[in-house]
Student: 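Got a structure here, written out as structure tokens. Questions coming.
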Amino acid sequence: MNTEILGLITTYLLTLLIAIPLGKYLAKVFAGAPVWTDFMKPLEGLIFRLAGVSAREQMNWKQHMKALLTINLVWLVYGFFVLMFQDKLPLNPDGNPGMTPDLSFNTIISFVVNCDLQHYSGESGVTYLTQHIVVMFLMFVSCATGIAAAVVFFKAFRDKTTVKLGNFWEFFVLSITRLLLPLSFVIALVLAFNGTPASYEGKDQYISLQGDTVGVSRGPAAGMIAIKHLGTNGGGWFGANSSHPLENPNYLTNSVELIAQVIIPIAMVVCFGVFIRRRRLSWIIFGVMTIGMLLLLIPTVSSELGGSPALSKLGISQVSGAMEGKEVRFGPAITGYWSTVTTIISTGSVNSMHDSAMPLTGAWQLLGMMVNSFYGGCGVGLLNYFIYLIIAVFISGLMVGRTPEFLGHKVEAREIKIAALITLLSPFLILAGTAIAAYVFKYHGDAAWAVQPQNWLNNPGFHGFSEMLYEVTSANANNGSGFEGLGDNNVFWNVLTGFVLLLGRFLPIIGPVAIAGLLASKKFIPESAGTLRTDTVTFGLMTLAVIIVLNALSYFPALALGPLAEYFTMLKS
Amino acid sequence: MKKYILPSIRLTAVLLVLLCVVYPLAVAFAARFAPGAGGGEKLQKDGKVVGYERIGQVFDKPGYFWGRPSAVSYNAAGSAGSNKGPSNPDYLKQVADRVDTLLKYHPGLKKADIPADLVTASGSGLDPEISEQAARIQVSRVAKARGLDKARVAKVLAEHTEGPVFGLFGPATVHVLKLNLALDGLQK
């Protein structure tokens with residue numbers, strides 16, 4: 001057991017060791033300061049020229065959002081048709097079929113919004129071509145979209161009063177050429193040399209030692225799995241995602257994939273402080289996020305290491321911890337750590353089946369996604385955190401009787417209204433979505449869909465409810481993991497989560513960027529003794545309190561009906 | 001918005017070439033120098049491929065060490081866990097049955113010595129490894145079925161137990177297929 005805990009701690013420390021310098025490097029890249037990767041400049045120049053965009057033009061926040069939404073719309077239309085007709089396109093050695101319109105609708109939205117909820121299985125639902133030109137392509141660009149949006153937000157607080165917030169295309173392309181592409185290449189090589197397939201050979205067949213004839217799905221997976229983690233995407237090459245021994249061959253690759261998914265979210269927080277020259281603020285934010293992570297991580301690891309109480313009652317040994325849905329080469333400790341980071345960071349890749357985790361672990365996973373800003377997804381994690389921060393500024397302002405302000409700009413009614421709407425959006429989507437699903441399950445069990453509602457759930461009772469709650473929560477958080485027992489490939493889930501995904505992605509990007517843009521255009525008020533400082537430990541704890549109170553109020557009843565009820569029944573029986 | 005449509009389409013096209021052609025081909029090229037040449041590492045017996053190093057197999061004959069239960073019968077054309085919730089009564093019954101099967105084939109085995117990993121399905125359904133304890137309780141059965149000395153089988157097992165990485169990080173594991181191949185190799 002001790003070697004498992006040591007592996008977990010070392011993995012986290014290595015993450016920090018890489019993420020902090022990476023954040024400082026990113027701040028230089030986006031500020032246009034000289035960095036060692038400037039040798040990429042000719043390539044970037046070529047990309048801008050071929051694309052016919054001017055990377056010099058300064059945009060205000062509205063122009064940024066228009067550019068962002070336009071290119072995302074292009075990807076939606078393009079991917080929708082490619083997925084539907086993938087069977088007619090080349091590079092399909094396994095002869096997989098085209099997607100139904102509703103599955104294609106869901107899948108393309110899911111990848112455009114950096115969620116990677118998958119209602120298909122990688123081995124049979126997509127082709128080598130679509131794995132590349134849709135899935136992997138979107139893994140790069142959706143992550144770069146999030147980073148670019150965050151940089152626009154950073155820009156707003158760098159100068160005192162400004163409406164010029166840089167150029168969207170430049171931020172977007174630099175995120176790829178200076179960060180995602182080179183790092184993905186390194187990670188892909190580590191994976192390939194540890195046993196992940198990377199060649200274009202199709203499915204293989206062999207006769208096993210006992211004489212069974214079995215198949216093996218393969219394909220050029222290593223490159224995609226690298227960006228899947230680095231870009232906090234999470235969609236697997238294989239159905240079983242990173243629990244698949246080809247997608248995640250050993251303990252070392254497991255740590256590499258874990259580090260890869262956490263470095264950019266942490267680096268963006270560091271980058272923020274360096275970029276706006278307020279490092280103290282970003283350390284406070286980092287501190288709050290880390291405390292939040294630990295609050296979810298510690299009970300998760302302890303309940304997974306403790307093993308299943310229901311299996312203990314059968315009288316078997318729990319020395320190896322809870323192992324249903326887990327892989328022996330990782331063990332329960334680092335698997336627990338993975339389940340925490342993948343839910344707080346919106347990666348949604350899994351190295352174990354969350355459906356089979358202990359009931360309370362399920363509650364922590366759900367909470368991680370509901371909060372969605374303890375580190376959070378690439379770029380967007382910080383934007384989500386900012387909304388909580390603005391609410392905290394407002395509430396503390398009221399408490400001490402001062403005009404709320406943030407970094408020298410007055411926070412007024414309009415900004416608070418936006419923040420409040422974004423705060424209410426998540427509970428609305430999650431709770432209303434789950435309620436509709438539960439209603440359909442109960443009263444329209446025989447609807448003639450690909451999977452009839454009465455057959456949706458893989459587990460009875462409270463756990464079945466958790467399966468539905470998890471699916472909607474994961475869609476809203478743009479997470480992409482699932483309680484995969486849920487029969488989700490049918491028109492209901494494809495359409496419902498499709499809409500939840502879209503709203504849960506773009507509004508929480510537009511909201512914070514709009515607030516930042518509005519604040520930046522206001523008169524700068526120099527800090528004085530009367531200023532409510534946001535870079536103090538007190539204010540950090542205030543933000544944490546706001547996060548806890550808002551989420552507890554919104555989600556406690558739903559969690560009580562699902563994982564908490566299951567936990568207490570398990571204790572009783 | 002109109003202003004951005006054409007640049008968006010063109011930028012998408014350029015990036016498609018860079019990210020979906022240049023990048024994966026570069027990875028595929030470099031991977032040709034990896035073990036298994038990027039197609040997955042294979043294991044052979046008498047010059048014949050008997051499996052992939054990373055993919056587990058079904059073992060139920062008494063002379064072989066058994067692996068973990070699998071939701072896909074170790075057929076790597078697909079992959080999946082059972083997705084059974086921890087309180088599901090059908091699932092608990094299934095585990096209880098697996099425990100009974102183990103007890104039947106291992107006279108003298110105590111319930112409290114059966115580790116959870118040997119009676120629960122893995123996440124991928126393809127887990128090639130089991131825990132040390134899961135292998136240890138099978139030694140006498142394998143030795144008896146093969147007519148080998150128990151100490152001899154235990155020695156092969158010890159040789160095929162992988163400790164934590166660098167002796168420091170992660171759990172110890174036993175690779176079932178390699179272990180069984182080694183046993184077959186003993187008795188040529």
Side-chain angles (χ1 to χ4, degrees), chain A residues 3 7 47 50-53 66-67 70-71 74 123 132-133 137 140 188-189 192-193 195 197-199 201 206 208-209 214-218 220 222-223 238-240 243-246 249 251 308 310 314-317 320 323-325 327-329 331 352-353 355 458-459 463 484-485 566 570, chain B residues 1 4-5 7-12 14 16 19-20 23-24 27-28 30-31 34 38-41 49-52 54 57-58 75-81 83-88 92 96 99 111-112 114-117 120 122-124 126-131 164-165 168-171 173:
Chain A
T3 53
I47 294 175
L50 289 176
V53 301
K66 278 183 195 160
T70 310
I71 197 163
V74 168
E123 292 94 340
H132 278 80
I133 68 168
F137 173 72
F140 276 103
L189 290 192
F193 278 80
S199 76
E201 295 165 284
Y206 64 90
S208 76
L209 198 53
V214 286
V216 182
S217 290
R218 299 184 292 176
F238 301 104
S243 70
H244 196 294
L246 290 177
Y251 198 81
S308 163
L314 292 178
I316 62 171
S317 161
S320 52
M323 287 305 289
E324 183 69 40
E327 303 284 302
V328 167
R329 63 190 178 284
S352 69
M353 292 302 127
D355 216 345
N458 193 41
N459 292 286
H463 196 89
E484 289 300 335
E566 186 187 10
M570 240 171 117
Chain B
M1 248 183 186
Y4 300 112
I5 283 196
S8 293
I9 294 173
R10 284 170 65 176
L11 186 56
T12 301
V14 176
L16 272 170
L19 302 174
C20 305
Y23 165 69
V27 174
E41 215 176 323
V49 173
V50 289
Y52 277 71
R54 291 318 311 155
Q57 300 189 352
V58 175
N75 187 349
S79 59
N83 285 313
K84 297 287 186 204
S87 63
N88 186 331
L92 294 172
V99 171
K111 254 191 192 179
I114 301 175
D117 65 288
T120 52
S122 63
S124 59
L126 308 170
D127 196 345
E129 277 124 357
I130 53 176
S131 67
V165 184
L168 289 174
F169 310 121
T173 59

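Throughout, a chain's letter reflects where its sequence line sits, starting with A, and its residues are numbered from 1.
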Student: Where does A80(B) contact chain A at under 4.5 Å (heavy atoms): side chain, backbone, both or neither?
Tutor: backbone

Student: Side-chain contact, heavy-atom cut-off 4.5 Å: Y4(B) with I71(A)?
Tutor: no

Student: Measure E201(A) against the heavy atoms of chain B and call it side chain, backbone, both or neither at under 4.5 Å.
Tutor: side chain

Student: Given the options V49(B), V99(B), V50(B), which has more heavy-atom pairs under 4.5 Å with chain A than any of the others?
Tutor: V50(B)

Student: Chain A: which of V27(B), L16(B), L126(B) shares the most heavy-atom pairs with it under 4.5 Å?
Tutor: L16(B)

Student: Go through the atoms of P220(A) and report whether side chain, backbone, both or neither lie under 4.5 Å from a heavy atom of chain B.
Tutor: neither

Student: Quick one: which of A222(A), A67(A), G331(A) has the most heavy-atom pairs under 4.5 Å with chain B, could you say?
Tutor: A67(A)

Student: Output the option from P128(B), A116(B), G81(B) having the highest count of non-hydrogen pairs under 4.5 Å with chain A.
Tutor: A116(B)

Student: Side chain, backbone, both or neither: which part of V58(B) has a heavy atom under 4.5 Å from chain A?
Tutor: both

Student: Would you mind reporting whether H132(A) and F137(A) have side-chain heavy atoms less than 4.5 Å apart?
Tutor: no

Student: With a 4.5 angstrom heavy-atom cut-off, could you sort out which part of P164(B) is near chain A: side chain, backbone, both or neither?
Tutor: side chain

Student: With a 4.5 Å cut-off on side-chain heavy atoms, are E129(B) and P245(A) touching?
Tutor: no

Student: Please flag which part of L189(A) lies under 4.5 Å from any non-hydrogen atom of chain B: side chain, backbone, both or neither.
Tutor: side chain

Student: Quick one: of E324(A), M323(A), R218(A), who has the most non-hydrogen atom pairs under 4.5 Å with chain B?
Tutor: E324(A)

Student: How far apart are the closest heavy atoms of G78(B) and E123(A), and which atoms are they?
Tutor: C-OE2, 3.5 Å

Student: Classify the ring geometry between Y23(B) and F140(A) as parallel (under 30°), tilted (30 to 60°) or perpendicular (over 60°).
Tutor: perpendicular

Student: Taking every heavy-atom pair that is under 4.5 Å apart, which of S352(A), S199(A), A188(A), A192(A) has the most such pairs with chain B?
Tutor: S199(A)

Student: So which of S122(B), A28(B), S87(B), A31(B) has the largest heavy-atom pair count under 4.5 angstrom toward chain A?
Tutor: S122(B)

Student: Out of V165(B), T173(B), L92(B), L19(B), which one racks up the most heavy-atom pairs below 4.5 Å with chain A?
Tutor: L19(B)

Student: Quick one: of S124(B), S131(B), G38(B), who has the most non-hydrogen atom pairs under 4.5 Å with chain A?
Tutor: S124(B)

Student: Picking from G7(A), G485(A), S317(A), S208(A), which has the most non-hydrogen pairs under 4.5 angstrom with chain B?
Tutor: S317(A)

Student: Please determine, among I133(A), V214(A), V216(A), the option with the most heavy-atom pairs under 4.5 Å with chain B.
Tutor: V216(A)

Student: Of the listed residues (G239(A), G52(A), S243(A)), which shares the most heavy-atom pairs with chain B below a 4.5 Å separation?
Tutor: S243(A)

Student: Are the side chains of D355(A) and E484(A) in touch, meaning some heavy atoms are under 4.5 Å apart?
Tutor: no

Student: If you define the side chain from C-beta out and look only at heavy atoms, does anything of H463(A) sit under 4.5 Å from P86(B)?
Tutor: yes

